[in-house]
Student: 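Sharing a structure, written as structure tokens. Questions coming.
A quick note: this is a predicted structure, and the numbers were derived from the prediction, not measured.
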Amino acid sequence: MKKSSIIAGSILMVALSGMVSCSQSTETTNGAAGTASAAEGAKTTANLPNIRYIDSDSVSAHYELAKEVQDAALKAMTRIENARQSKANEIQKFASQIEEKARTNGYLTQESYNGDMARLQKMQQEAENYMINLQRNIETELAQQQQVLSDSLESFIKVYNAEKGYDAILFRAAGIYFNPALDITEEVTKELNARYVKKEESK
């Protein structure tokens with residue numbers, strides 16, 4: 001599992017509707033002065049398309065809840081790796097004991113040797129089952145945390161856009177180029193963190 005896939009998978013926002021085209025005035029003014037005036041007007045926020053975009057990577061990096069989910073994912077990966085190494089060491093240790101005992105004629109009967117080999121195989125099977133269950137449980141935990149994150153973002157965007165009235169809020173990755181003036185990532189991240197902090201303080 002790549003760390004980046006966990007980080008990227010944790011940030012889920014909604015595009016609220018399709019893009020709308022900007023209507024342009026059919027009136028024109030004479031000469032270069034009119035053209036220059038129109039160009040200046042296009043730079044103002046009021047004349048931008050009624051859409052905005054969010055850089056999901058930036059939100060992942062700066063939204064406190066997203067960082068907590070990311071941290072939990074990294075800790076989960078460490079738990080899995082530590083458990084795998086512990087089981088492997090335990091099995092390897094017993095296998096080495098069997099090998100040493102066989103080399104030094106420590107087994108008085110074939111049945112005794114077969115018994116240890118059967119025990120070794122059982123240890124391997126139990127370790128495999130343990131790792132499968134551990135990984136399944138951790139995946140369930142992470143999925144639940146990511147769902148909380150997704151719900152938090154979706155809920156916020158709905159409330160946020162009810163006030164702002166944009167026709168669409170898109171991911172930066174949804175397009176090749178966006179006018180930087182359409183970027184609301186910083187504003188959204190600040191408000192997300194403000195709301196998250198208030199929720200924690202209320203407990």
Side-chain angles (χ1 to χ4, degrees), residues 1-24 39-84 134-203:
M1 177 188 310
K2 294 182 178 179
K3 296 179 182 178
S4 60
S5 65
I6 300 173
I7 300 172
S10 67
I11 301 298
L12 301 172
M13 294 190 182
V14 290
L16 302 178
S17 67
M19 293 176 60
V20 295
S21 60
C22 282
S23 60
Q24 298 179 342
E40 287 300 317
K43 295 180 181 179
T44 66
T45 303
N47 290 329
L48 288 172
N50 197 28
I51 63 169
R52 297 297 184 268
Y53 74 86
I54 299 169
D55 187 330
S56 60
D57 288 341
S58 180
V59 174
S60 296
H62 297 100
Y63 179 24
E64 291 303 321
L65 178 57
K67 289 193 290 184
E68 288 182 12
V69 171
Q70 174 186 349
D71 185 57
L74 294 176
K75 288 180 179 178
M77 292 170 63
T78 299
R79 283 172 57 195
I80 291 173
E81 184 55 35
N82 288 345
R84 180 179 290 111
L134 176 63
Q135 189 157 349
R136 182 184 298 118
N137 291 338
I138 286 178
E139 287 175 353
T140 299
E141 291 174 10
L142 293 179
Q144 291 172 344
Q145 292 175 10
Q146 290 175 354
Q147 186 61 51
V148 170
L149 175 60
S150 175
D151 291 346
S152 172
L153 295 170
E154 182 174 348
S155 173
F156 169 78
I157 289 297
K158 288 179 179 178
V159 173
Y160 174 84
N161 199 61
E163 176 185 348
K164 300 295 184 178
Y166 299 130
D167 290 303
I169 298 176
L170 308 175
F171 289 123
R172 171 66 182 85
I176 297 175
Y177 172 79
F178 287 100
N179 185 332
L182 299 173
D183 188 358
I184 58 171
T185 304
E186 183 176 355
E187 178 184 354
V188 165
T189 303
K190 284 182 178 179
E191 293 198 26
L192 279 167
N193 281 328
R195 188 175 75 158
Y196 183 63
V197 169
K198 289 177 182 178
K199 181 178 179 181
E200 289 299 300
E201 289 175 348
S202 66
K203 290 184 179 181

Student: So does Glu141 pair up with Arg79, basic N to acidic O under 4.0 Å?
Tutor: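 Salt bridge: yes.
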
Student: Looking only at non-hydrogen atoms, find the nearest pair between Ala66 and Val59 and report the distance.
Tutor: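 For Ala66 versus Val59, the nearest heavy atoms are CB-O, 4.1 Å.
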
Student: For the backbone of Gln146 and the side chain of Ser150, can you confirm whether one donor and one acceptor N or O come within less than 3.5 Å of each other?
Tutor: no

Student: Testing the basics here: between Thr185 and Asp55, what is the closest heavy-atom pair and its distance to 0.1 Å?
Tutor: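 So the two residues come closest at OG1-N, 2.8 Å.
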
Student: Would you call Asp151 and Gln147 a side-chain contact if the rule is heavy atoms closer than 4.5 Å?
Tutor: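 Sidechains of Gln147 and Asp151: in contact.
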
Student: Parallel, tilted or perpendicular: which describes the rings of Tyr63 and Tyr196, with under 30° parallel and over 60° perpendicular?
Tutor: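 Rings of Tyr63 and Tyr196: perpendicular, over 60°.
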
Student: Going from CG on Leu192 to OG on Ser155, what distance comes out if it is rounded to the nearest 0.5 angstrom?
Tutor: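 One gets 10.0 Å once the value is rounded to the nearest 0.5 Å.
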
Student: Would you name the heavy atoms of Ser60 and Gln70 that are closest together and state the gap between them?
Tutor: O-OE1, 4.3 Å

Student: Atom CD1 of Ile138 and atom CG of Leu134: how far apart are they, to the nearest 0.5 Å?
Tutor: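 Nearest 0.5 Å value for the CD1-CG distance: 4.0 Å.
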
Student: Shortest non-hydrogen contact from Asn193 to His62?
Tutor: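 Taking every non-hydrogen atom into account, ND2-O, 2.9 Å.
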
Student: Output the distance between atom CD1 (Ile184) and atom CD (Glu191), rounded to the nearest 0.5 Å.
Tutor: 9.0 Å

Student: Donor-acceptor pair, distance only, cut-off 3.5 Å: does the side chain of Thr140 make one with the backbone of Arg136?
Tutor: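 Side chain of Thr140 to backbone of Arg136: a pair is present.
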
Student: Under 3.5 Å, side chain of Arg172 to main-chain N/O of Asp183, donor-acceptor pair present?
Tutor: no

Student: Could you tell me which non-hydrogen atom of Pro49 sits nearest to which non-hydrogen atom of Leu182, and how far apart they are?
Tutor: O-CD2, 3.9 Å

Student: Going by heavy atoms in the side chains, are Glu187 and Lys164 under 4.5 Å from each other?
Tutor: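 In short, these two side chains touch, coming nearer than 4.5 Å.
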
Student: Between Asp71 and Lys67, is there a salt bridge with N-O shorter than 4.0 Å?
Tutor: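 Answer for the salt bridge query: no.
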
Student: Restricting to side-chain hydrogen bond (donor to acceptor under 3.5 Å, both in side chains), what partner residues turn up for Gln144, sequence neighbours left out?
Tutor: none

Student: Can you list the residues that meet the side-chain hydrogen bond (donor to acceptor under 3.5 Å, both in side chains) rule with Glu186, with sequence neighbours excluded?
Tutor: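 Applying side-chain hydrogen bond (donor to acceptor under 3.5 Å, both in side chains) to Glu186 gives Lys190.
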
Student: Taking all heavy atoms of Arg195 and all of Ser152, pick out the closest pair and write down the distance.
Tutor: NH2-O, 2.7 Å

Student: Please enumerate all residues that pass side-chain hydrogen bond (donor to acceptor under 3.5 Å, both in side chains) together with Asn82, with sequence neighbours excluded.
Tutor: none

Student: Out of curiosity, Ile51 CD1 to Asn179 CG, how far, rounded to the nearest 0.5 Å?
Tutor: 9.5 Å

Student: In Å, rounded to the nearest 0.5 Å, how long is the span from OH of Tyr166 to OH of Tyr53?
Tutor: 12.5 Å

Student: Can you measure from CD1 (Ile54) to OH (Tyr160) and round to the nearest 0.5 angstrom?
Tutor: 7.5 Å

